[in-house]
Enquirer: 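Pasting a structure here, questions to come.
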Amino acid sequence: MADQRGRPSRLVVLAGPTAVGKGTVAAYVRQHHPEIWVSVSMTTRAPRPGEVDGVHYHFVSETEFERLRERGEFLEWAVVHGRARYGTPRGPVERVLAEGRPALLEIDLQGARQVRQHMPEALFVFLAPPSWEDLVERLTGRGTESEEERTVRLATARTELDAASEFDVTIVNDRVARAGEELVSLLVDHRTSTDR
Ligand code: 5GP
């Protein structure tokens, strides 16, 4: 995809294992770098305490999600952890890229693979934990999931960690602000290199 002046896409896709902190890093970018547009996904899961509809996610019913999916309104979508469905609305991403504005998607691995099929020119960034122990700690520490759900998420995370080699770049999430700034510098570099 190219923007209105024929320049290539400025899309960066951030993926990585469960609970590595993708959402926190994306929130950091949204808060500190308003020049970068961050996609708001749709999900069929219920909001967690403190989550706001339209800000963290668009929370929709299964029926609504299915209606949108059938109409081809998702750039990608996936069932995550075998439970809820999550998807990136296509329209807003296409509009932002057409304006030549850098755009960030924070999605799971299955979604990243789908985006790569449609938009191989995007930059694919893998967010990794400093260690496996750190990842387990983060997942257990959040305390919002049941024991059963944690087990499922850890199993998913192990498989997801193995996928790092599929990505263009790996960022280690040792500190949110540092990882966020590294991501922003990639967004800027990506823009510069694709402008040439
Ligand atoms: P959570 O329910 O903890 O907010 O997110 C669960 C997982 O869903 C995270 O790994 C997150 O990256 C992923 N996710 C969030 N939005 C999307 C989306 O639009 N598409 C896909 N494929 N995954 C998403």
Side-chain angles (χ1 to χ4, degrees), residues 11-30 37-62 64-69 71-94 96-97 103-119 122 124-129 135-146 148-164 166-167 170-171 173 176 179-180 183:
L11 183 64
V12 171
V13 178
L14 180 68
T18 296
V20 73
K22 299 185 292 284
T24 316
V25 171
Y28 173 89
V29 173
R30 187 183 272 130
W37 178 82
V38 184
S39 170
V40 179
S41 298
M42 292 208 177
T43 182
T44 59
R45 83 153 164 75
R48 295 196 184 109
E51 284 183 333
V52 178
D53 187 35
V55 176
H56 300 94
Y57 284 104
H58 299 287
F59 296 99
V60 295
S61 65
E62 287 286 348
E64 176 67 0
F65 195 100
E66 184 54 22
R67 194 179 65 81
L68 295 167
R69 191 192 66 75
R71 285 177 21 185
E73 297 206 5
F74 290 118
L75 180 61
E76 60 72 36
W77 71 275
V79 176
V80 182
H81 310 307
R83 287 174 173 261
R85 295 202 278 177
Y86 297 78
T88 304
R90 180 191 295 279
V93 177
E94 291 183 346
V96 164
L97 292 179
L104 176 66
L105 306 185
E106 181 262 296
I107 57 178
D108 89 322
L109 189 61
Q110 309 167 72
R113 288 178 178 140
Q114 289 173 46
V115 176
R116 192 169 42 208
Q117 290 199 333
H118 302 303
M119 298 176 164
F124 293 86
V125 179
F126 190 84
L127 191 67
L135 187 63
V136 174
E137 176 118 334
R138 284 177 203 228
L139 192 52
T140 322
R142 186 154 67 184
T144 49
E145 293 89 14
S146 66
E148 186 199 346
E149 199 164 282
R150 271 204 297 277
T151 308
V152 173
R153 287 186 172 218
L154 274 179
T156 310
R158 273 190 200 280
T159 319
E160 288 176 335
L161 265 185
D162 291 341
E166 294 173 28
F167 284 72
T170 294
I171 293 180
N173 189 18
V176 172
L183 181 62

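The first residue of the sequence shown is numbered 1, and numbering continues consecutively from there. Start at 1 and go down the list; that is how both ligands and their atoms are numbered. Atoms considered below: every heavy atom in the structure, side chains included; atoms not considered: hydrogens, waters and symmetry mates.
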Enquirer: Does the pair M119 and V13 meet the rule for a side chain to side chain contact (heavy atoms under 4.5 Å, CB included), with working shown?
Expert: CA-CA 10 Å; M119 298 176 164; V13 178; over 6 Å; no
Enquirer: Is it possible for you to check whether R116 lies under 6.0 Å from the centre of the six-membered ring of F124, through NZ or CZ, and within 45° of that ring's axis?
Expert: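 Relative to the ring axis of F124, which defines the angle, R116 lies inside both limits.
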Enquirer: Quick one: which of E106, H58, R85 has a heavy atom closest to atom 11 (C) of ligand 1?
Expert: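 Minimum heavy-atom distance to atom 11 (C) of ligand 1 goes to E106.
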Enquirer: Mark the output for R48 as yes if a heavy-atom distance to ligand 1 is under 4.0 Å, and as no if none is.
Expert: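 Distance cut 4.0 Å: R48 passes for ligand 1.
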Enquirer: May I ask whether G23 has any heavy atom positioned less than 4.0 angstrom from an atom of ligand 1?
Expert: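 Outside the 4.0 Å threshold, so no.
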Enquirer: Has Q110 got any heavy atom lying under 4.0 angstrom from an atom of ligand 1?
Expert: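 Heavy atoms of Q110 never come under 4.0 Å of ligand 1.
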Enquirer: Answer yes or no: is there an ion pair linking E66 with R71, defined by an N-O contact shorter than 4.0 Å?
Expert: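 No.
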Enquirer: When only distance counts, is W77 in polar contact with ligand 1, meaning an N/O pair under 3.5 Å?
Expert: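 There is no such contact.
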Enquirer: For E76, which residues count as a side chain to side chain donor-acceptor pair (under 3.5 Å) partner, sequence neighbours excluded?
Expert: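 T88.
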Enquirer: Which atoms from ligand 1 have a heavy atom of S41 less than 4.0 Å away?
Expert: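 Selected atoms, number and element: 16 (N), 17 (C), 18 (C), 19 (O).
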Enquirer: Do NZ/NE/NH1/NH2 and the carboxylate oxygens of E166 and R113 come within less than 4.0 Å?
Expert: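 Yes.
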Enquirer: Taking only heavy atoms of R45, which atoms of ligand 1 are found under 4.0 Å from at least one of them?
Expert: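 Atoms satisfying the 4.0 Å criterion: 1 (P), 2 (O), 4 (O).
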Enquirer: About how many Å separate CG of N173 and OG1 of T24, when rounded to the nearest 0.5 Å?
Expert: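 T24 OG1 to N173 CG: 7.5 Å, rounded to 0.5 Å.
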Enquirer: Check ligand 1 against V80 and write out every atom of the ligand that is under 4.0 Å from a heavy-atom position of the residue.
Expert: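 This gives 7 (C), 8 (O) as the contact atoms.
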Enquirer: Got more than 12 heavy atoms from elsewhere within 6.0 Å of CD, Q117?
Expert: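 Atom CD in Q117 is not packed in, count stays at 12 or less.
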Enquirer: Please confirm whether F74 comes under 4.0 Å of ligand 1, counting heavy atoms of the residue only.
Expert: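 F74: no contact with ligand 1 (<4.0 Å).
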Enquirer: Consider every N or O of A78 and every N or O of ligand 1, then say whether any pair is closer than 3.5 Å.
Expert: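 No, no N or O pair falls under 3.5 Å.
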Enquirer: Is any NZ, NE, NH1 or NH2 atom of the basic residue among R69 and E73 found under 4.0 Å from an Asp or Glu carboxylate oxygen of the other?
Expert: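 Looking at R69 and E73, the cut-off is not met.
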Enquirer: Taking 4.0 angstrom as the limit and counting only heavy atoms of G111, give me the atoms of ligand 1 inside it, by number and element.
Expert: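 Going through ligand 1 atom by atom, the ones under 4.0 Å from G111 are 22 (N).
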